[in-house]
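What follows is a single structure, written as structure tokens, with notes after it.
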Amino acid sequence: MNIKSRRLGGSKKVTIIGGGVGGLTLGAKLAQKDFDVTIYEKNSDCGGRCSRVHQDGYAFEQGAILYLFDDIYKRTFRELGESMDDHVKLIEHEDHHQVFFENDKFEYSNDRTRLAQEIERIEPCGNAREKLDNFCNECKCIEKFVTENVFYRTYDTIWQMLWFCIANLITNIKILWTALMYSMHSSVNRYFKNDLVCQALTLQSLYFGISPYTGSSLFSILVAYEIASGLKYPQKGMVSIVDALEAIAIKNGVKIQKNKGVDKILIDRSNKATGVKLDDGTIVSCDIVVSNADLTYTYNALLPPTKYAVELTKKDHVPSTITFFWGMDSRIKGLKSHNIFIPSDYRKLFEDIHDKKTIPDDPSIFIHIANRMDPDLAPDGKDALTVIVPIGEMAGLRGGFEKKVEKVKKKVIAKLEHKLGIKDFASKIVTDIQPETPDSWQNKFNCWGGTILGISHSLTNLLYFRPQQRCSEFSNVYFVGASTQPGAGVPLVMCSALSLVPKIEADLAKSKLRFQ
Ligand SMILES: Cc1cc2nc3c(=O)[nH]c(=O)nc-3n(C[C@H](O)[C@H](O)[C@H](O)COP(=O)(O)OP(=O)(O)OC[C@H]3O[C@@H](n4cnc5c(N)ncnc54)[C@H](O)[C@@H]3O)c2cc1C
């Protein structure tokens with residue numbers, strides 16, 4: 001380890017608010033550099049939006065489900081001086097996805113030839129394989145570009161971003177052009193004309209909470225990633241990543257205080273953070289405060305009022321979900337590990353979610369069955385279904401929500417009965433855990449307005465335009481996690497944590513941080 005950087009951390013006391021993926025990764029890295037780190041987590045478990053709920057032998061993902069961008073996970077563990085293989089076992093699964101349309105079904109496969117045959121079946125064109133290869137090759141170039149310029153780089157000044165634009169105008173003009181001029185949908189539409197094929201190759205926009213009609217074609221990297229790399233799943237679920245990060249953090253010396261919420265970040269008269277006040281009134285003094293809690297919430301609930309706090313509330317946030325957790329009395333025939341049900345009016349689905357910010361009349365349904373990949377996650381011969389229904393932000397729909405959730409549940413069950421030909425599906429649900437709703441996302445994890453991924457990923461919220469990790473109003477305050485640069489999703493949040501460490505070190509070296 002770099003001795004100089006160890007000394008730099010020295011006795012500096014860091015308080016991290018929240019033990020999500022961002023807080024744990026950052027804590028582990030700072031402790032490795034000899035900072036004295038304490039994480040305060042309001043809940044009884046770490047993980048936040050990447051955690052599990054379980055009951056009666058059934059285990060469900062609460063939040064993150066898909067393990068995407070393998071390289072970032074592995075690189076994060078390497079940066080922490082560990083090998084991911086020593087902590088997490090990955091399970092490969094080939095026929096991972098199936099997409100149910102109104103009158104058809106699309107089978108995803110890791111095998112590109114089979115996938116091309118499936119496309120050819122729906123859109124007979126004679127050269128589906130060639131088109132698919134061209135589409136994937138284009139996305140692969142975009143992925144390389146995004147990994148280098150977005151995931152692993154943050155933009156603190158407008159000049160850094162302008163320089164990025166100028167440099168890439170010369171070297172990556174085609175990618176920039178595609179990103180700016182094409183939405184995900186219009187980009188795929190250059191290769192395939194059939195509506196169902198276009199939908200199958202753009203529905204991944206739901207993962208990022210963007211509309212394929214307005215979201216940049218940059219997000220097609222999700223599709224290309226699934227096709228090129230296939231889907232893997234960590235044994236014991238996504239929470240095994242959190243368990244591993246927590247173990248490494250503790251090994252490195254991080255103190256984790258659970259069931260200890262932070263009520264306020266303490267700021268002195270010179271606008272410098274001096275510590276935090278916990279929910280139980282305890283005052284904790286420290287040199288540096290990093291908030292891993294949702295950024296809009298942090299500005300509006302933990303820090304003194306500022307103009308920027310109000311500005312953040314006006315930014316577009318990623319919509320929400322109603323998530324059901326159903327333990328079934330048997331294995332449900334016709335379902336695979338991932339199942340997506342797309343309504344007949346695809347465009348209206350996104351209008352309802354993004355423009356009207358409401359519960360779609362005919363919602364899309366994502367069903368994840370973790371035990372199909374890791375049998376230990378449900379009792380023998382039974383299924384644990386995590387059923388996710390994306391809905392609008394719902395900011396104005398507090399109260400009376402139970403009835404709406406019940407209505408959505410009935411719609412989901414009716415659709416499953418119809419599509420799978422199962423009678424009385426409801427009677428097969430033997431364990432029914434309290435569903436997640438915008439209210440519960442807010443109450444459990446302090447997600448602002450119950451939105452699940454924080455600030456949206458529209459082009460106006462990326463790069464320099466995405467909130468910074470340094471707090472510009474108060475010194476010694478930093479942010480890590482989904483709403484800061486580079487963006488939301490477990491791998492990006494890990495990138496956010498790793499990119500913050502050199503900033504703190506640089507500020508320390510330049511004595512930008514002010515100490516008593
Ligand atoms: C339904 C859903 C599906 C998703 N699917 C995927 C997916 O398939 N793949 C993927 O990669 N990502 C997915 N994501 C996104 C991913 O889970 C998140 O972007 C990521 O986990 C966020 O991590 P974070 O550390 O930024 O924040 P969080 O996970 O929100 O962590 C913040 C922590 O701070 C704690 N906290 C908040 N306020 C306080 C306070 N005042 N005091 C103390 N502690 C506090 C919270 O309890 C929480 O533990 C999904 C998210 C959701 C909700």
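Just so you know, these numbers come straight off a predicted model, no measurement behind them.
Counted by atom type alone, S51 and D45 present zero donor-acceptor pairs between their side chains at under 3.5 Å. Side-chain atoms of T214 and H354 form no donor-acceptor pair, as typed in the model, at a separation below 3.5 Å. With no hydrogens or angles considered, a side-chain donor-acceptor pair links S496 and Q469 at under 3.5 Å. Side-chain atoms of T437 and K404 include no donor-acceptor pair closer than 3.5 Å. Side-chain contact check for T274 and D268: no donor-acceptor pair (N or O, by modelled atom type) lies under 3.5 Å.
In D380, the CG atom is not crowded: 12 or fewer heavy atoms of neighbouring residues, nucleotides or ligands sit closer than 6.0 Å. Under a cut-off of 6.0 angstrom, the local environment of NZ in K144 is sparse, with at most 12 non-hydrogen atoms contributed by other residues, nucleotides or ligands.
In this structure, Y233 has its ring center under 6.0 Å from that of H368. Not less than 6.0 angstrom separates the ring centroid of Y297 from the ring centroid of F445.
Cation-pi check for R75 over F151 is not met; the charged atom does not lie both under 6.0 angstrom from the ring centroid and within 45 degrees of its normal.
Across all their heavy atoms, Q485 and Y155 have their closest contact at OE1-N, 2.5 Å.
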K409 and D432: CA distance, side-chain angles, deciding distance, salt bridge (charged side-chain N to carboxylate O under 4.0 Å, His left out) verdict: CA-CA 11 Å; K409 183 176 175 182; D432 192 354; 2.6 Å; yes
Worked verdict on R372 versus D383 for salt bridge (charged side-chain N to carboxylate O under 4.0 Å, His left out): CA-CA 8 Å; R372 296 291 180 96; D383 270 337; 2.7 Å; yes
Intermediate values then yes/no, salt bridge (charged side-chain N to carboxylate O under 4.0 Å, His left out), K357 and D316: CA-CA 11 Å; K357 300 187 192 303; D316 237 8; 3.7 Å; yes
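Salt-bridge check for D279 with K42: failed, with every basic side-chain N at 4.0 Å or more from each acidic carboxylate O.
Taking the six-membered ring where the residue is Trp, H97 and F366 present perpendicular rings, their angle passing 60° and hence far from 30°. Using bins of under 30°, 30° to 60° and over 60° for the plane-to-plane angle, the ring pair Y299/Y308 lands in the perpendicular bin.
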